[in-house]
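Below is one structure, written out as structure tokens; comments come after it.
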Amino acid sequence: MRKLTVARKGRTDSEGRGSASVPGRYTPADFEKKWQVKWEADGIYEAADHVEGKENYFALSMFPYPSGDLHIGHWYAYAPADAHARFKRMQGYNVMNPQGFDSFGLPAENAAIEHGADAREWTYANIDNYRRQFREMGTSYDWSRELVTSDPKYYKWNQYFFLQFYKKGLAYREHGLANWCPKDQTTLANEQVKNGLCERCGTIVVKRALPQWFFAITKYADELLEMDQIDWPEKIKTMQRNWIGRSTGTTVGFDVSDFAPGEKIETFTTRIDTVYGATFVVLAPEHPLVEKLTQPEQQEVVDAYLLQASRATEIERTSTEREKTGVETGAFCTNPLNGERIPVLIGDYVLSTYGTGAVMGVPAHDPRDLVFARKYGLEVRVVVAPPGWDGAELETAWVPPGTQVNSGEFDGMPSEEGMEAIADKIEENGWGKRSVTYHLRDWLISRQRYWGTPIPIIYCDDCGTVPVPERDLPVLLPDHVEFEADGRSPLTKHPDFLNTTCPDCGKPARRETDTLDTFVCSAWYHLRYASPNPGEDPFDAEQVRAWVPVSYYMGGAEHAVMHLLYARFFNKALRDLGYVDFDEPYARFISQGVLISEHAKISKRSNPLTPDPIVKKHGADTLRCYLMFLGPWDQGGGWSDSGINGIRRWLGRVWDVAQREYSALTETGDDGAERSLERASHATTQRVVTDMEAFKFNTSIAALMEYTTELIRAHDAGKVSARSWRAGVDRLLLHAAPLAPHIAEELWQRTGHSGSIHLEPVPEFDESLIATETITLVVQVNGKVRGQVEVPADIDEDGAIAAAKASSNVARHLDGMTEVKLIYVPGRIVNIVVRPT
RNA sequence: GGGGGAGUGGCGAAAUGGCAGACGCGCAUGCCUUAGGAGCAUGUGUCUUAACAGACGUGCGGGUUCGAAUCCCGCCUUCCCCA
């Protein structure tokens, strides 16, 4: 691009406003950097914990994982969030808008393995790059509160909280089947397995038996379902509810003591009213009783089936398209309600992770059971009759309520009542009890990786599992470790780390080599922003009280069932441990949509569209505004290079109009012109304030574009007063400031103001000044627009109708018609309903 | 299979019961310019018409209403989440 005329350096407005000579073309590169440096030097975005007369406002954007460069997707997430925080500051809130780095995690380690980089150096180089790019974006972050989770000063407190949780039984170690990613060589939480694939790398996840650490999030399952006090998108709340997956039902035991002495198969059902229709029981292939119940003559088939089932993924197993398969164990169990002996089968459509891992098969009232029963020739017995049922065989399973039949003493009862009565009987006889199950599992926090927070546990041959004493924290992650091809964590082979002494008995002992899931870091980081330098505590309770719950949390919806749920759990656990005194960490939340480009999600894994060249060509303000102008932020948008010129042109017009010569304007101005500019000004403020409040940046910018045109027209006409003109320009700059902070600041200074525009208040508006003296009424005949009439704003109904009928085109359509009805909506419309005479 | 978004000009989108297409891109014409990937002005949903004016038009099909992009019922497509 050709270098355009540059504003003369050092020109000041000391001669006074209105004396500006040719201001030069809008060249953002000339001043954006200057303001970024000055804002930071002046500390204008550093938040004090309390400011007299101002309410605190904690604006929080989800912090990034530093992996290379900030891409356009990052800008899309952070620039609008920054604009909103700036807007709140100008609205008079004491705003704290921090930023930091979620810097533990696999990519650093993979870079180390693949390119021989040092994980720490790689990470910190990326952080430096991110810091630079965040500043170039023109963000209003309070860098004095920055945090880096891979810093021992931070992760020490992950370890500290782990120990507090451990003491209270909220952290525990258990041997069990864990999700294992063969590529990343680590276990994953349930939330990190998507469609049976590793969320990070897409490898098929397998089950592997390992001792693992967990946080007992399920203890809070019911409280996590309560979301009345948080103002979050309903979509996110629904996702959390579904993920927690509470279902109420009954567990009932089916006796198998003939085959496995003393054993019962515990089944869980939400439809105990159908228990008399149970004609078989199905075990998940992983069920512990499978081995004991399999009869010798079935051993071979069962073994083959188990092998086959172990290869199927969970999606395949539960897909409704896939044929249900199963095998008989040869064993039978007894239905306690009617004493019937029914066969025990193994079927892989039953998951060991849901309920008890065993279900009673009621083919008449469950579609999956019906398919299964037909295939294996099992009895189908109706026990909840549809209305008017004639006793015939059902074609499809009857799932809705009905009347109990074939249900012993409960026959004739509506099934809703039967549900309760049968559950009562089961409880009275000790066959089972009412119970609740959840889809939510405890949070698996162990990772067999190096680049994370070491779990502060020591294993001693004599004392067993011993927590590291708090005085010995942090357990430091060793530097400069060796990675080997076997994929095992270097910590397992690092003698200095591994070998220690038992804190209890002093004998040689070994450290836990697993590290914490990085979601532990992000579960409480907002508390540390509120209290960045608390000394000997994780945070200062008083400072936290001043800022948290977070006023508005802004980030991606992809964290709905991971980070956002973990953070809520962590908050509740900390509350019960006495660290905080509120129930929820994030009072309000909005999720920005996804920015896509040519049908590809712009993310760290694809599409290297980098902002740097765009910033170089157009400036940060243009890129910020363009991203906000694409469409509604929460719905995402599609990137294309072509539209950015529109924003660049608009800012160019702002640049020109703000610096127009106005000495030719008069003292008082023309009444009509004054009034017209005043109206446009106040109407613009109303639109912008409403839209900014609601994150509707696109329509805010549209309103400012229109206002810019109004100002240009007003100046061209030359009829407004100099005073009104200057006020109009100020208003434009003040509204543009959150969106395009550099140009607004530069022009604020050039038009003779002192002090940063970003510390100025949002302009006021007066609704009465927006109203017009005359209004345009739309006139419809039979609902079709036939004309418009200009009438006084305070016209009454009769007057409005008369004016409407008088307009010539309307009169033409009324000719030869009989009036049937009149609709009058004041200020908007007259609709005359007619029919042929 | 279940849950939740979304579907409007050539394109990004406005309008949430009252003039569909604000604002912007692109395109067209004109001005300015040695030049234009600069700037400015005007125009731009489709069709009929010389014009006035009219018809049609918000994924498809029905419904409610004086009036529907907007509310209701059914369907299609697509994206996200879950299974």
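The figures that follow rest on heavy atoms only: side chains count, while hydrogens, waters and symmetry mates do not. Lettering of chains follows the sequences in order, A, B, ..., and the numbering in each one begins at 1.
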Between [X] ([atom1]) and [N] ([atom2]), how many Å, whole number?
| X | N | atom1 | atom2 | answer |
| --- | --- | --- | --- | --- |
| A:D691 | B:rG24 | CG | P | 16 Å |
| A:H813 | B:rC52 | NE2 | P | 15 Å |
| A:I614 | B:rG37 | CD1 | P | 21 Å |
| A:I244 | B:rC81 | CD1 | P | 19 Å |
| A:W243 | B:rA83 | CH2 | P | 5 Å |
| A:R441 | B:rA83 | CZ | P | 12 Å |
| A:I775 | B:rC19 | CD1 | C1' | 14 Å |
| A:F697 | B:rA14 | CZ | C1' | 17 Å |

As a test of reading the structure: which of [options] is closest to the side chain of [X], going by heavy atoms?
| X | options | value |
| --- | --- | --- |
| A:V785 | B:rC19, B:rC40, B:rA38 | B:rC19 |
| A:K821 | B:rA14, B:rC66, B:rC23 | B:rC66 |
| A:N645 | B:rC66, B:rG26, B:rA15 | B:rG26 |

* To do: Under 4.0 Å between any heavy atoms, over every strand shown, what does A:I823 touch: base, sugar-phosphate, or nothing? Just pick one.
  =>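 It contacts base atoms.
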
* To do: Identify whether any heavy atom of A:E706 sits under 4.0 Å from a base atom; if not, whether one sits that close to sugar-phosphate; answer base, sugar-phosphate or nothing.
  =>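 A:E706: backbone/sugar contact only, no base atoms under 4.0 Å.
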
* Inspect the contact between A:R241 and A:E226 and indicate whether a charged nitrogen and a carboxylate oxygen are less than 4.0 angstrom apart. =>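 No salt bridge links A:E226 with A:R241.
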
* Asked: Any salt bridge between A:D612 and A:K617, counting N to O under 4.0 Å?
  -> no

Phosphate oxygens OP1/OP2 of [N]: is one of them under 4.0 Å from a side-chain N or O of [X]?
| X | N | value |
| --- | --- | --- |
| A:N831 | B:rU65 | no |
| A:K237 | B:rC81 | no |
| A:R713 | B:rC40 | no |
| A:N698 | B:rA14 | yes |
| A:R649 | B:rG39 | yes |

In the structure shown, which nucleotide is the Watson-Crick or G-U wobble counterpart of [N], with both distances under 3.5 Å?
| N | value |
| --- | --- |
| B:rU64 | none |
| B:rA6 | B:rU77 |
| B:rU70 | none |
| B:rC56 | B:rG45 |
| B:rG12 | B:rC23 |

* To do: Give a yes-or-no answer on whether the side chains of A:T684 and A:H735 include a donor-acceptor pair shorter than 3.5 Å.
  =>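 Looking only at side-chain atoms, A:H735 and A:T684 do not form any donor-acceptor pair under 3.5 Å.
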
* Taking the side chain as every heavy atom from C-beta outward, state whether A:V436 and A:R246 have any atom pair closer than 4.5 Å. => yes

* Hey, does A:I590 have a side-chain heavy atom less than 4.5 Å from the side chain of A:Y553? -> no

* Over 60° means perpendicular and under 30° means parallel, so classify the ring planes of A:Y26 and A:W655, tilted if in between. =>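 Rings of A:W655 and A:Y26: tilted, 30 to 60°.
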
* **First encountered from the 5' end of RNA chain B, between A:N242 and A:I829** =>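 In this pair, the answer is A:N242.
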
* Asked: In terms of the nearest nucleotide of RNA chain B, which residue is placed more toward the 5' end: A:R786 or A:K235?
  ->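 It is A:K235, whose closest nucleotide lies nearer the 5' terminus.
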
* **Chi class for B:rG9: syn within 90° of 0, otherwise anti** => syn

